[in-house]
Amino acid sequence: MAFDPMLQRQIMGRFATGVTVVTTRYGEQISGMTANAVMSLSLDPPLLVVSVDCQSNMHGHLTQGQCYAINVLKQDQEDISRRFAAPGPKDFSDLKLTAAETGAPIFVDALAYVDCRVVEVAPAGDHDMFIGEPVAGETYEGQPLIFYSGQYAQLSNFGG
Ligand SMILES: Cc1cc2nc3c(=O)[nH]c(=O)nc-3n(C[C@H](O)[C@H](O)[C@H](O)COP(=O)(O)O)c2cc1C
């Protein structure tokens, strides 16, 4: 019998993650999507990956843009995470944005970012894995937003 995808979701929900907004630029358009299926895939050569639902709008935008920035959210950015988890066009108007190499939007107030060029797209069931070569990135001080068991959380013992 096939493994229950809802059980898979519950199990992996016990794997606490940070929260990111993955952004891209295609022509004059920008878009973004909340994502936690992001990973450092290789260090030599440096590669990252984001797993993107083939049904999402972001999938088409990444296919057109061939680049993305992973913006790691701070604990006070839950509202941004919720906004970018809703399907459809995203409102960037109140966010302080910059760009690095690819032009994908970078959140000035994020905890870290990495700007990538897409080098490969690997199919994986109902998702595609967008493998990216990092071309710029930075880390900043602050505390991360956490996603655990379908809920937002904070690190309770961060900073001692
Ligand atoms: C915490 C969190 C993590 C998510 N991670 C991913 C992810 O890694 N990949 C993905 O395809 N969708 C992920 N989603 C769902 C997308 O954010 C959601 O489908 C969004 O509506 C896509 O917008 P779009 O269809 O306008 O591109 C996540 C949602 C949340 C709340």
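Order of appearance sets the numbers: ligands from 1, and atoms from 1 within every ligand. Everything quoted here is computed from the prediction, not taken from an experiment.
The residues lining ligand 1, counting any heavy atom closer than 4.0 Å, are M33, T34, A35, N36, A37, S51, V52, D53, S56, N57, M58, F84, A85, A86, P87, G88, K90, H127, F147, Y152.
Residues in residues 11-28 take part in these side-chain hydrogen bond (donor to acceptor under 3.5 Å, both in side chains) pairs, two or more places apart or across chains: R14-S149, T17-N36, Y26-H61.
Between D126 atom CG and Q55 atom CD the span is 8.0 Å, to the nearest 0.5 Å. In this structure, CZ in F107 is found 12.0 Å from OG1 in T98, a value given to the nearest 0.5 Å.
Looking at residues two or more places apart in sequence or on another chain, you find a salt bridge (Lys or Arg N to Asp or Glu O under 4.0 Å) between R82 and E78. Here Y113 pairs with nothing under the ring-ring contact (aromatic ring centres under 6.0 Å, His included) rule; sequence neighbours left out.
Using modelled atom types, one finds no donor on one side chain facing an acceptor on the other under 3.5 Å when comparing H59 with D53.
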